[in-house]
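Heavy-atom basis, side chains included; hydrogens, waters and symmetry copies ignored.
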Amino acid sequence: MTDPATSIVVHRDKELMARAAAARLITRLVDAQAARGTASAVLTGGRNGNALLAAVAQSPARDAVDWSRLDLWWGDERFLPEGDPERNEVQARQALLDAVGVDPARVHPMPAAGGRFGDDPEAAAEAYAAELAEAARAGAGAGAPAGPVPAFDVLLLGVGPDTHVASLFPEHPGVRETERYVVGVHGAPKPPPTRVSLTLPAIRAAREVWLLAAGEDKAGAVGLALSRAGELQAPAAGARGSERTLWLLDRPAAAHLPDSVRPALLV
Ligand SMILES: O=C(O)[C@H](O)[C@@H](O)[C@H](O)[C@H](O)COP(=O)(O)O
């Protein structure tokens, strides 16, 4: 059984999954802006996250979002020099951000290697945590208590075949972190080995967390994470939103769902 705030949606194939998730993201941002005048989203690296952003770029409905009133953050980053084509930020800019009118001051990429933080991902992580805390303070309004991290409207995560999310890998130190909100990652099994990542406590500050997985090589990971596996063994199992957790899958990735889990929609 998943908890009541968790839904699972299975789409026919990964292209449809990307298009449907793009429509969903546009609606989520429009609704947040209608309610509060502003919206915030946390982006992910990986093929599915980038396919979703490319589908947003192609959607005529994208103009319903006021891109200048959106704060954009990243769940993780490959700690590579600025402009490196393997950086998640660079890929997101190519897929979507360069095509819409985002406010550069509201786009918050994780720091690059080689610049101010040299080859020190921990220092980069600390700086990013400070930027998040500052945004949380600014967003809380006068007199209101501010958390250490903003309550993001939506946080996107690709799921790896080993159940990693962001750069939190099974049994690695990052997934055990309970105090810090951003960490430097060394020796990641997925290249490049050095990364910066939000931790599970930061991820759980989001109102909604959407996990994306497509392809048969993800079926085992999805099945494990939805079988109430522990988050140390299956980091995706610990990625939950404070209001909602949504799994967006294609059929091959849904091949090993536990019997107790009933997908909301199979189209
Ligand atoms: O930096 C990265 O590579 C990611 O942020 C990583 O966590 C990714 O999202 C997953 O590995 C899923 O990637 P795919 O969608 O390509 O399978």
Item to check | ring-ring contact (aromatic ring centres under 6.0 Å, His included): pairs with one or both residues in residues 79-109, sequence neighbours excluded | outcome: Trp73-His108
Item to check | Under 3.5 Å donor-acceptor, Arg62 side chain and Val56 backbone | outcome: no
Checklist entry - Run the side chain to side chain contact (heavy atoms under 4.5 Å, CB included) check on Val42 and Val154 step by step: do they pass? => result CA-CA 6 Å; Val42 182; Val154 57; over 6 Å; no
Checklist outcome for this item: Sorted by chain and number, sequence neighbours left out, salt bridge (Lys or Arg N to Asp or Glu O under 4.0 Å) with Asp76 holds for Arg195
Next on the checklist: Under the rule for salt bridge (Lys or Arg N to Asp or Glu O under 4.0 Å), what residues qualify as partners of Glu82, not counting sequence neighbours?
Outcome noted: none
Side-chain donor-acceptor contacts of residues 92-104 below 3.5 Å, not counting sequence neighbours, with atom names and distances?
residue : atom : partner : partner atom : Å
Arg93   : NE   : Glu89   : OE2          : 2.8
Arg93   : NH2  : Glu89   : OE2          : 3.0
Asp103  : OD1  : Ala105  : N            : 2.9

Item to check | Partner set under side-chain contact (heavy atoms from CB on, under 4.5 Å) for Ala219, not counting sequence neighbours | outcome: Ala255, His256
Item to check | Derivation of the side chain to side chain contact (heavy atoms under 4.5 Å, CB included) call for Met17 and Leu212 | outcome: CA-CA 9 Å; Met17 181 184 111; Leu212 310 165; 4.1 Å; yes
Item to check | For Ala51, side-chain contact (heavy atoms from CB on, under 4.5 Å) partners two or more places apart | outcome: Ala18
Item to check | Glu86 side chain to Leu80 backbone, donor-acceptor under 3.5 Å | outcome: no
Item to check | 4.5 Å side-chain heavy-atom contact, Pro189 and His164 | outcome: no
Checklist entry - Hey, is the main chain of Gly215 close enough, under 3.5 Å, to the side chain of Asp250 for a donor-acceptor pair? => result yes
Checklist entry - Would you say the side chain of Tyr181 lies within less than 4.5 Å of the side chain of Ile203, judging by non-hydrogen atoms? => result no
Identify all side-chain donor-acceptor contacts of residues 234-243 below 3.5 Å with residues at least two apart in sequence or on another chain.
residue : atom : partner : partner atom : Å
Arg240  : NH1  : Ala237  : O            : 3.3
Ser242  : OG   : Ala206  : O            : 3.4

Checklist entry - Is there any salt bridge (charged side-chain N to carboxylate O under 4.0 Å, His left out) pair reaching into residues 104-113, and which pairs are they, with sequence neighbours excluded? => result Asp71-Arg106
Item to check | Pairwise side-chain hydrogen bond (donor to acceptor under 3.5 Å, both in side chains) hits with a residue in residues 41-59, at least two apart | outcome: Asn50-Gln91
Next on the checklist: Holding to salt bridge (Lys or Arg N to Asp or Glu O under 4.0 Å), I want the full list of residues that pass it with Glu171, two or more places apart in sequence or in another chain.
Outcome noted: Arg176
Checklist entry - Val185 and Val196: side chain to side chain contact (heavy atoms under 4.5 Å, CB included), yes or no, with the steps? => result CA-CA 6 Å; Val185 176; Val196 177; over 6 Å; no
Next on the checklist: Filter on side-chain hydrogen bond (donor to acceptor under 3.5 Å, both in side chains), then keep only pairs touching residues 209-224, sequence neighbours left out; what's left?
Outcome noted: Glu208-Trp210
Checklist entry - With a 4.5 Å heavy-atom cut-off, do Phe152 and Leu132 have their side chains touching? => result yes
Checklist entry - Restricting to pairs with a member in residues 118-129, which pass side-chain hydrogen bond (donor to acceptor under 3.5 Å, both in side chains), not counting sequence neighbours? => result Glu122-His186
